[in-house]
Amino acid sequence: MKRAKVSSAIIGLLGFAALVLVASTPAKAAFVVGGENGWQMSYDGMINVFMVYDAKSQLEYKNGDVKVASPYSELQSFRIRTGLLPSIFAFNVKSPTINGVDYSARIGLYPQIQNNGTRIGLGTYGDGGTSIDIREVFFTADGKFGQFLVGRALNLYEGKNILTDMTLIGNGVPLNMTGGGVDLGHIGYGYTYTSFGPQFRYTTPDMSGFKVAFAICDPSNIGGATAINQPRFETELSYVKEFGSVKTSSWLAGMFQEAKFNGTGHKVTTIGGAGGVQAWVGPVEMLVSGFGGKGVGIQLTQVDAAVLDAAGKERVTYGGLVHATYTIGAAKLGVQYGINYADKTDVDSLTTGFDGIKSKQAVTGGCYYSINKYLTLVGEYTWARDSYYDSSRQTQNIVSLGTVFTW
Amino acid sequence: MKNDSVGFPLKTSAWGVMFLMLFCLGATGCSTVKSLVVSDKDRKELFKSRDQYVRIIDQDSVKGVKVTPNNHPVSLDEEQVRMALSTIEFMLPGQDKSFPVFEKPELDVLEKYISSALAQAGPDEDVTFGVIGDYRAVYGLAKEQMYTSGRVFYRDGKLNIIFGDIHGKYWANADRRLYPLAPGSRFKPGTHVWRLLSQPDQEFYAGPEGVRSDWIVLDLASMEARAALGEKAAAQSPGMTGGQPFYGAQKSIEERLVILNDLKNKKMITEEEYEKKRLDILKDL
């Protein structure tokens, strides 16, 4: 009863805050400096702020027995924090066309807003505080030959999976209740997080709607395998086509990398595939996307606990995301469901009482209301459940209300 | 477990791919890079600068509907095209002043390439364009990029422009396959918030499905005659605070009467038109 009263009060507070935001007047933003001599600098960005109420069950078995009792602080929380995306402040430089080639450079700074759980705990990036995460530092050369991208940018593998997530400008599932860091959206609940990384990338020109991209990427640890003497390769084939009044975008992506364990020299491999189809019919937009592979992980690509088993064997993981949205005037309403699975390896099966993660699923209902082209209000309700191989599970109910200012 | 020996961990082909990518990247800076993909579209692209373009493309069509051929090729002076484009104005909801659709940098591009494209296009071809302009923002402290796109063709002595968008928000890094600077269509009226202003010698196309607010038809001959007379192009719209545009340089009443008399003597206008116009000019005294 007490929990219900607190919840009602917090939801009421969220609603009041939303009304205040609706009544506020947005600022007009600026973008471009220079340009008269062909060189141009512009800046763009985004700030998002969410009030997040999260109620989580105990980690319990299906019969209701508690497996591990969580402290109160991990069962219910209210936070004001960054959503799935950090805030962004990015600088862009564009050259004039030089011998048929257009050069651009971009440096994107991604700060966050939250404390790390205490009033004065600004924290650092490492503990999810306000420090700046420099996610984008790259330049491009564009011409009739296509595009070369060199530097730090969003990786190709599952890049489009996250970019098409309905909760990209929302909040989705919180990363944690008391700490810092961005929230997850549906990362881990429909796809894995590809992250940003250094790379050399080539993308073909548009060939009747087709583009192929190929990237040589800075490699990552694969689970605990940290000895790496080769790059990671990623590729993406994308296709955009209109069929009458139906506009579609589809893609296939792949990833390959090897690494070894220090000491033993045991070699592990990441091989992943991903893909999706997005379609627009009038005010309706639909998405189906998925991924699968070994050594990929269930939430953070190549690095989470599900990547390898106890013997260093790559675990097979896969998942998918579906959503539908409907736009009415300035409002977009949508529902999204996603689930990721981790298969057991032979070693897992032989381990008595194996309690590794089995699946992560979440459903989100969201309303995204554009006050104008710069300011969006977001309201989301998310239900999420993590299930484990020992039949234990943990469920969350999350209400997020926030605003996103983009320029 | 086997501990592999130290050495090249990748096959030669993988190293070859990496070397090729680096070589190609370097080659982009050395000289004009020839296209790896040659298509018919490239052959008819008269202007291209990043996402900006002027192209000749086939007339848009739908199955079972016959499209009236254009009067192409047609020879229009760059000055004629500039004059026509510079007179087009629009308003946005909630604002009490009108704005020209094109400013000088855009007109500099379009007058050259649209006139050239119209001279090269065939009867079953249109000219399409997408241009990006820098517009004042934050009280003039900075600029905001916006794009305007459209489809141009010449038919029955008139220049037709179907706008795809006017001063649309331009996102430089968007996938242009999904968010193209798309020209307007004969068959699919676009949805937009802007409103083109009705000016003398400009009318909105009226088709079987009604008047198209995104399709403007410009009478170049009439514009030229007005330009010769130095007449004002636009009637003051209610709530409009901007100055009225003029066709060409403004002329004195005496000069306009002389030109009008010349037109009558050359039998380019009737006696009735002469008298009506003469009274109009005298009203400006």
Side-chain angles (χ1 to χ4, degrees), chain A residues 27-35 40 42-44 92 94 96-104 106 141-146 148 150 200-202 204-209 211 214 216 228-231 233 238-241 245 247 249 258 260-261 263-267 278 280 312 373 407, chain B residues 1-10 14-15 17-18 20-22 24-39 41-42 45 48-51 62 105 132-146 168-173 175-180 188:
Chain A
K28 175 141 187 180
F31 305 95
V32 180
V33 177
Q40 194 173 70
S42 65
Y43 45 99
D44 59 77
N92 306 283
K94 288 183 178 178
T97 302
I98 302 168
N99 291 334
V101 182
D102 297 317
Y103 297 95
S104 300
R106 178 176 173 85
D142 282 88
K144 288 185 174 179
F145 52 84
F148 283 96
V150 181
F200 285 83
R201 182 194 299 177
Y202 168 70
T204 66
D206 180 0
M207 299 177 291
S208 302
K211 279 188 180 181
F214 178 77
I216 301 167
I228 306 160
N229 59 358
Q230 59 181 271
F233 297 99
S238 59
Y239 181 58
V240 173
K241 175 76 176 172
S245 59
K247 188 175 183 180
S249 170
E258 293 175 334
K260 292 175 185 172
F261 279 90
T264 65
H266 170 55
K267 187 168 77 177
Q278 192 174 18
W280 295 262
K373 60 185 177 182
W407 66 92
Chain B
M1 295 175 187
K2 185 185 172 190
N3 189 352
D4 292 349
S5 60
V6 177
F8 282 135
L10 292 176
W15 285 106
V17 169
M18 287 191 287
L20 183 64
M21 279 189 72
L22 282 172
C24 291
L25 176 64
T28 64
C30 297
S31 62
T32 301
V33 178
K34 301 292 182 189
S35 173
L36 299 178
V37 180
V38 178
S39 68
K41 184 183 76 176
D42 295 331
E45 192 160 71
K48 170 101 175 120
S49 176
R50 294 190 184 271
D51 292 325
V62 291
I132 300 160
D134 297 337
Y135 294 89
R136 281 162 51 97
V138 197
Y139 308 104
L141 293 175
K143 291 174 282 184
E144 178 180 12
Q145 289 198 305
M146 293 189 281
K169 177 74 180 168
Y170 175 70
W171 296 101
N173 299 322
D175 185 341
R176 291 290 156 233
R177 294 174 298 170
L178 280 172
Y179 305 100
K188 285 195 291 187

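Residue numbering restarts at 1 for every chain, and letters A, B, ... go by the order of the sequence lines. Predicted model, so just to flag it, every value in this text is computed and none were measured.
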Nearest-0.5 Å distance, OG of residue Ser42(A) to CG of residue Asp134(B):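 CG of Asp134(B) is found 9.5 Å from OG of Ser42(A).
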
Measure across Trp407(A) and Trp171(B) and return the closest heavy-atom pair with its distance rounded to 0.1 Å.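 Closest approach of Trp407(A) to Trp171(B), heavy atoms only: O-CZ3, 4.1 Å.
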
Could you report the tightest heavy-atom contact between Tyr103(A) and Arg50(B), atom names first, then the distance?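 What the structure gives for the nearest pair is O-NH2, 2.7 Å.
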
For Lys48(B), is it the side chain, the backbone, both or neither that has a heavy atom under 4.5 Å from a heavy atom of chain A?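 Nothing of Lys48(B), per the 4.5 Å heavy-atom cut-off to chain A.
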
Which answer fits [X], side chain, backbone, both or neither, if we ask what part of it has an atom under 4.5 Å from a heavy atom of chain B?
{"X": "Thr204(A)", "answer": "neither"}
{"X": "Lys241(A)", "answer": "neither"}
{"X": "Asp142(A)", "answer": "neither"}
{"X": "Phe261(A)", "answer": "neither"}

Who pairs with Arg177(B) by salt bridge (Lys or Arg N to Asp or Glu O under 4.0 Å), at least two apart in sequence or on another chain?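 Expected list: Asp175(B).
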
Counterpart residues, ring-ring contact (aromatic ring centres under 6.0 Å, His included), relative to Tyr179(B) (two or more places apart):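 Not a single residue meets the ring-ring contact (aromatic ring centres under 6.0 Å, His included) criterion with Tyr179(B).
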
Should Gln145(B) and Gln40(A) count as side-chain neighbours, where that means a heavy-atom distance under 4.5 Å?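 They are in side-chain contact.
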
